[in-house]
Amino acid sequence: MVDAMGSTVPRRQLGRVLRDLRTEACMTLDAAAEAVQCSRQKMWRVESGLGPVRGVDVRAMCELYGARRELTAALVALAGETRAKGWWHAYGDPVPDWFDLHGGLESAACRLREHAGALVPVLLQTRGYASETCPRRPGATDEERERLVEARLRRQGLLRRRLPRPPRFEVMLCEAVLLREVGGAASMVEQLRHLAEVSRLPHVSIRVLPFAAGAHDGALAGSFVLLDFPLGLRVDPEPSVVYQESLTGALYLDRPAEVTAYEQAWVGLDALALSEEESRRLIVKTAEEVHHG
């Protein structure tokens with residue numbers, strides 16, 4: 001039986017990275033289990049994210065696979081979070097911010113649904129827009145900020161990858177996002193034209209929530225991302241996850257009642273948003289008439 005205790009988010013991410021490390025080391029599950037003196041079933045459970053993991057076991061696996069010291073330390077710290085019932089990842093906590101937790105979930109998802117109430121979603125940002133909106137963390141150098149911007153832009157390859165098939169990406173964009181000037185008028189014209197272009201990809205849907213929608217459920221929920229995962233080799237798919245980011249960290253929610261609440265908020269957004277074609281016309285019109293593009 002799957003261990004009911006603990007948030008599934010750190011467990012799943014830890015399992016994915018350990019599986020990738022084993023694959024890169026060209027080791028079978030049986031060989032790895034024998035080397036660290038545990039059962040094949042235990043190794044499979046760890047890689048599948050089906051229960052809490054001891055740091056000592058993670059360290060042994062990392063040494064076996066030849067993982068870098070920094071990555072080993074990050075994974076051991078992540079193992080310590082696998083018993084948490086709910087999970088808040090704070091920037092600067094034992095799991096370092098360079099370890100892209102959300103990116104791992106994002107790349108594994110088959111469907112992403114994002115409600116963007118303040119800014120253009122990261123997966124749709126131009127370089128100029130990303131440079132202006134990337135968090136300015138205390139003490140970070142210009143070089144470090146540039147690396148964060150580059151990491152942000154690399155994530156966008158997700159939408160144009162060939163294999164595995166890119167996820168379905170659905171965006172509900174508040175009209176205020178189109179009007180808010182970020183980086184100057186020219187930057188906004190470039191960003192909005194990019195939105196119009198990307199919205200034509202067959203697996204991308206961008207819809208605008210007009211001001212006339214009023215105080216809808218999405219406005220109360222704030223910006224969030226719903227991540228759904230494929231069935232893969234499982235009998236049941238991995239549980240969906242709700243992701244919310246703030247200035248100091250990120251909140252991951254995966255309890256059924258929590259996910260259901262955000263699913264219901266999404267249904268409300270879907271009923272109020274403009275169609276894809278109407279949204280595209282509004283995006284282009286805003287670029288031309290508001291930002292003088």
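We find the CD-CG distance between Gln191 and Leu195 to be 5.0 Å, quoted to the nearest 0.5 Å. In this structure, Leu227 CG and Ser240 OG are separated by 8.0 Å, a value rounded to the nearest 0.5 Å. Within the model, atoms SG of Cys110 and CG of Leu231 stand 9.5 Å from one another, a figure rounded to the nearest 0.5 Å. Atoms OG and CD, from Ser223 and Glu245 in turn, are 10.0 Å apart once rounded to the nearest 0.5 Å. Within the model, atoms CZ of Phe224 and CD of Glu114 stand 9.5 Å from one another, a figure rounded to the nearest 0.5 Å. Atom CZ of Arg22 and atom CG of Leu29 lie 4.5 Å apart (nearest 0.5 Å).
Cluster annotation: Val171 and Val122 are assigned to distinct hydrophobic clusters (Ile/Leu/Val/Met/Phe/Trp/Tyr, side-chain heavy-atom contacts under 4.5 Å, transitive). No path of Ile, Leu, Val, Met, Phe, Trp and Tyr side chains, each step under 4.5 Å between heavy atoms, connects Val189 with Val198, placing them in separate hydrophobic clusters. Taken together through direct or relayed side-chain contacts under 4.5 Å among Ile, Leu, Val, Met, Phe, Trp and Tyr, Leu124 and Leu158 form part of one hydrophobic cluster. A continuous path of ILVMFWY side-chain contacts below 4.5 Å connects Leu274 to Leu192, so both sit in one hydrophobic cluster. Side-chain heavy atoms closer than 4.5 Å link hydrophobic residues (I, L, V, M, F, W, Y) into clusters, and following such links, possibly through other members, connects Val9 to Val17.
In this structure, the side chain of His291 engages the main chain of Leu178 through a donor-acceptor pair within 3.5 Å. No donor-acceptor distance shorter than 3.5 angstrom exists from the side chain of Tyr243 to the backbone of Ala250, with no hydrogens or angles considered. Proximity of a side-chain donor or acceptor of Glu144 to a complementary backbone N or O of Thr141 within less than 3.5 Å is detected. A donor-acceptor pair under 3.5 Å links the side-chain atoms of Ser199 to the main chain of Ala196, judged by distance alone. Remark: side-chain polar atoms of Glu278 are paired, donor with acceptor, to backbone N or O of Ser275 under 3.5 angstrom. Judged by distance alone, the side chain of Arg40 and the main-chain N or O of Ala33 form no donor-acceptor pair under 3.5 Å. Although no hydrogens or angles enter the test, the distance criterion places no donor-acceptor pair under 3.5 Å between the side chain of Ser48 and the main chain of Arg45. Put simply, the side chain of Glu190 never gets that close to the backbone of Gly128: no donor and acceptor are under 3.5 Å apart.
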Passes ring-ring contact (aromatic ring centres under 6.0 Å, His included), Phe169 versus His203? Steps please.
CA-CA 6 Å; Phe169 187 36; His203 54 285; 9.0 Å; no
Glu63/Thr72 under side chain to side chain contact (heavy atoms under 4.5 Å, CB included): CA gap, chis, key distance, verdict: CA-CA 8 Å; Glu63 290 175 357; Thr72 298; 5.7 Å; no
(request) Begin with the C-alpha distance, continue with both residues' side-chain angles, and end with the deciding distance and a verdict on side chain to side chain contact (heavy atoms under 4.5 Å, CB included) for Arg161 and Ser107. (result) CA-CA 10 Å; Arg161 73 185 182 193; Ser107 64; 4.1 Å; yes
* To do: Start with the C-alpha gap between Asp57 and Lys42, add the side-chain angles, then the distance that decides, and say whether side chain to side chain contact (heavy atoms under 4.5 Å, CB included) holds.
  => CA-CA 10 Å; Asp57 293 329; Lys42 178 178 178 178; 3.1 Å; yes
ask   = Between Glu132 and Ser187, does a side chain to side chain contact (heavy atoms under 4.5 Å, CB included) hold up when you go through it step by step?
value = CA-CA 10 Å; Glu132 291 292 327; Ser187 173; 5.6 Å; no
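Between Gln125 and His194 the shortest side-chain heavy-atom distance does not fall below 4.5 Å. Side chains of Met188 and Val182 form a contact here, defined as non-hydrogen atoms less than 4.5 Å apart. The shortest distance between side-chain heavy atoms of Leu21 and Leu75 falls below 4.5 Å. Proximity of Pro167 to Arg111: side-chain heavy atoms (C-beta onward) are nowhere separated by under 4.5 Å. Within the 4.5 Å cutoff, side-chain heavy atoms of Ile283 are placed close to those of Ile206. By the 4.5 Å heavy-atom criterion applied to side chains, Val242 and Asp254 are not counted as neighbours. You'll find the side chain of Arg193 reaches within 4.5 Å of the side chain of Glu288, heavy atoms only.
Salt-bridge annotation for Arg147 and Glu143: present, with a side-chain N of the basic residue lying under 4.0 Å from a carboxylate O of the acidic one. By the 4.0 Å N-to-carboxylate-O rule, Glu263 lies close enough to Arg113 to be salt-bridged with it. The pair Arg11-Glu81 fails the salt-bridge criterion, with no side-chain N (NZ, NE, NH1 or NH2) lying under 4.0 Å from an Asp/Glu carboxylate O. A salt bridge is absent between Asp228 and Arg168: the closest approach of a Lys/Arg side-chain nitrogen to an acidic carboxylate oxygen does not fall below 4.0 angstrom. Classification of Glu146 and Arg127 as a salt-bridged pair holds, one side-chain N sitting under 4.0 Å from a carboxylate O. Note on Arg155 versus Glu150: no salt bridge recorded, every NZ/NE/NH1/NH2 to OD/OE distance being 4.0 Å or above.
Using a 3.5 Å distance cut-off with no hydrogens or angles, the side chains of Arg145 and Ser131 do not pair a donor with an acceptor. No hydrogens or angles considered: nothing links the side chains of Ser205 and Glu170 as a donor-acceptor pair under 3.5 Å. Tyr252 and Gln13 share no side-chain donor-acceptor pair at under 3.5 Å. Ser279 and Glu276 form no side-chain donor-acceptor contact under 3.5 Å, judged by distance and modelled atom types alone.
A cation-pi geometry, defined here as NZ or CZ lying under 6.0 Å from the six-membered ring centre and within 45° of its normal, holds between Arg12 and Phe229.
Atom CD of Gln37 sits in a sparse spot, with 12 or fewer heavy atoms from other residues, nucleotides or ligands closer than 6.0 Å. The environment of Asp30 atom CG is dense: over 12 non-hydrogen atoms of other residues, nucleotides or ligands sit within 6.0 angstrom. Counting heavy-atom neighbours within 6.0 Å of Glu34 CD, excluding the residue itself, gives a total of 12 or less.
A pairwise comparison of heavy atoms in Ala67 and Leu71 identifies CB-CD2, 4.5 Å as the closest pair.
With sequence neighbours left out, the salt bridge (charged side-chain N to carboxylate O under 4.0 Å, His left out) criterion links Arg16 to Glu238.
Cluster partners of Val290 are Leu179, Phe211, counting Ile, Leu, Val, Met, Phe, Trp and Tyr whose side-chain heavy atoms approach within less than 4.5 Å, directly or via other members.
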